[in-house]
Number of protein chains: 2
Amino acid sequence: MRKKRQSTPVAQADRQFVLAAAARLFREQGYDRTTVKEIAEACDMLPGSLHYRYQAKEDLLVDLMRLGLEQASSAVSSAVVGVSEPVEQLRRGINAHLQMLVSDSDMVYVLLFEWRSLRGEAREEMIKLRDRYEMLWAAMLKSLAEKGVIRKDLDLDLLRLIGLGALNWVATWFRDNGRYSLEEVGDFVWRVIHSAVLEGHEQHRSG
Amino acid sequence: MRKKRQSTPVAQADRQFVLAAAARLFREQGYDRTTVKEIAEACDMLPGSLHYRYQAKEDLLVDLMRLGLEQASSAVSSAVVGVSEPVEQLRRGINAHLQMLVSDSDMVYVLLFEWRSLRGEAREEMIKLRDRYEMLWAAMLKSLAEKGVIRKDLDLDLLRLIGLGALNWVATWFRDNGRYSLEEVGDFVWRVIHSAVLEGHEQHRSG
DNA sequence: GTCTATACTCTGATAGAC
DNA sequence: GTCTATCAGAGTATAGAC
């Protein structure tokens, strides 16, 4: 019995296992301070075996980020798909993004903070993939704007940049079982957006 | 003629020169990928001379961050000092913070994105110093809240964390001579805060 | 205080047996 | 596909002359 395909379901699970281990280490220590030996150990392998899968350490980071962006895109997509109410769509997208930042999978975190370790072509590729993810948000905001839900005096690109920035930074201070739950954070962001960005909200002030 | 003091004005200028060169390199390449040799070269020195000033590479980063936080604190302080109107105070503080993120001095940037390179005691010290800077903002927000300028349903700490996060992330995408000027960014943030955070603003909606 | 030269350590990558 | 062993290079830190 010979193997006919390289990308069997088993190989996929294997890939995810290796990348998850690497992601955890990269998140904890940073890319540069993590050695291939450590990654191999975390996978119960020896450096040689890891080298069989990824020729260079950088290749591992690139593949990790690729997977991370796939996960992020599908997480946000599936959070908003089938939701017809545009405002509710935005709310769910925000929560999905926040959820990823603190989820068990550290890939999105690594994606946000370790892309500077890449050089040349590898970096270009990641920027392209990241932009594709951002386009998801751009499309969502554009659709909201066309429905007249967003204040007309706000630049949509700036809104996306500042908004995602506010969310992304949460990853730097948020702790599970910390002072704030993720729901509280999402709620807070939502209230701010609701009063500052959305057109036609109820004025919060009573007197 | 003997030297009586270590910390002459000249030594201070010298320190700033070395740290500024290091900050630029750390910002461009990251702390780990920057060698002490490169830093020395950028200061027109040899590694040995640099070693005379800082025993270890990490000491240099710590001192750099210390200076960066001093600069940040004094920049924000002097931006708001003497401004009696609390809302205007906030606006100026935001602009000062933004200005630092993109200023020639890369120290604040390094401070935000390279503190993860520190371990143990050094990291603890930086967290303490960073918290002191954040307390500047906490005090400003508290004072605004006491004057009834801030919506009462917003948690002040979350407001600080999310707000500074939105600002800090600007450093990751902002480019001089890019699509947006720093003024536009500051303006945008200010409009959002104005409608979402401040009490009793004019409703932006006309019809 | 600054320089040259070097010791020591660690890492990423490789070669080749199994 | 996984292992052992090792190479070649880089980088920090140090020693000691000047």
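Chain naming here is simple, since letters A, B, ... match the order of the sequence lines and numbering starts at 1 in each.
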Taking N or O atoms only and anything under 3.5 Å, show me the protein contacts with nucleotides 4-11 of chain D, one pair per line.
none

Who passes side chain to side chain donor-acceptor pair (under 3.5 Å) against A:R53, sequence neighbours left out? A:D14
In whole Å, I'd like the distance from the CD atom of B:E41 to the C1' atom of C:dC3. 15 Å
Apply side chain to side chain donor-acceptor pair (under 3.5 Å) to A:R179 and list each qualifying residue two or more places apart in sequence or on a separate chain. B:D157
Pair up each side-chain donor or acceptor in residues 76-85 of chain A with any protein partner under 3.5 Å, not counting sequence neighbours, and list the distances.
unit_1	atom_1	unit_2	atom_2	d
A:S77	OG	A:S73	O	2.8
A:S78	OG	A:S74	O	3.0
A:S78	OG	A:A75	O	3.3

d(OH, A:Y54; P, C:dA13) in whole Å: 14 Å
Would you mind telling me which residue lines up with the more 5' stretch of DNA chain C, B:R53 or A:E58, judged by nearest nucleotide? B:R53
In chain order, what residues pass the ring-ring contact (aromatic ring centres under 6.0 Å, His included) check against A:Y109, with sequence neighbours excluded? A:F113
Under-3.5 Å N/O pairs linking protein and nucleotides 16-18 of chain D:
none

Give every residue pair that meets the side-chain hydrogen bond (donor to acceptor under 3.5 Å, both in side chains) criterion with at least one member in residues 125-136 of chain A, sequence neighbours excluded. A:R66-A:E125, A:H97-A:Y133, A:Y133-A:W137, A:E134-A:R160
Between A:R191 and A:D187, does a side chain to side chain contact (heavy atoms under 4.5 Å, CB included) hold up when you go through it step by step? CA-CA 6 Å; A:R191 268 182 294 156; A:D187 227 59; 4.3 Å; yes
Please report, rounded to the nearest Å, how far the P atom of C:dA13 is from the NZ atom of A:K37. 16 Å
Is any side-chain nitrogen or oxygen of B:H51 closer than 4.0 Å to OP1 or OP2 of D:dT14? yes
With A:Q71, which residues qualify under side chain to side chain donor-acceptor pair (under 3.5 Å), at least two apart? A:S105
Throw together a table of side-chain donor-acceptor distances under 3.5 angstrom for residues 21-30 of chain B, partners on residues two or more places apart or in other chains.
unit_1	atom_1	unit_2	atom_2	d
B:R27	NH1	B:D106	OD1	3.0
B:R27	NH2	B:L101	O	3.4
B:Q29	OE1	B:T34	OG1	3.2

Under the rule for side-chain contact (heavy atoms from CB on, under 4.5 Å), what residues qualify as partners of A:L19, not counting sequence neighbours? A:R15, A:Y54, A:L60, A:D63, A:L64, A:L67, A:M107
Under the side chain to side chain donor-acceptor pair (under 3.5 Å) test, which residues partner B:K147, sequence neighbours left out? B:S143
Closest non-hydrogen atom pair, B:G148 against B:E199: O-CB, 3.6 Å
Figure out the OH/C1' separation between A:Y31 and C:dT11, and round it to whole Å. 12 Å
Please state whether the phosphate of C:dG1, meaning OP1 or OP2, lies under 4.0 angstrom from any side-chain nitrogen or oxygen of B:Y52. yes
Whole-Å gap separating C1' (C:dA13) and CG (A:L60): 14 Å
How large an angle, rounded to 10°, do the end axes of the helix from C:dG1-D:dC18 to C:dC18-D:dG1 enclose when each is built from five base pairs? 0°
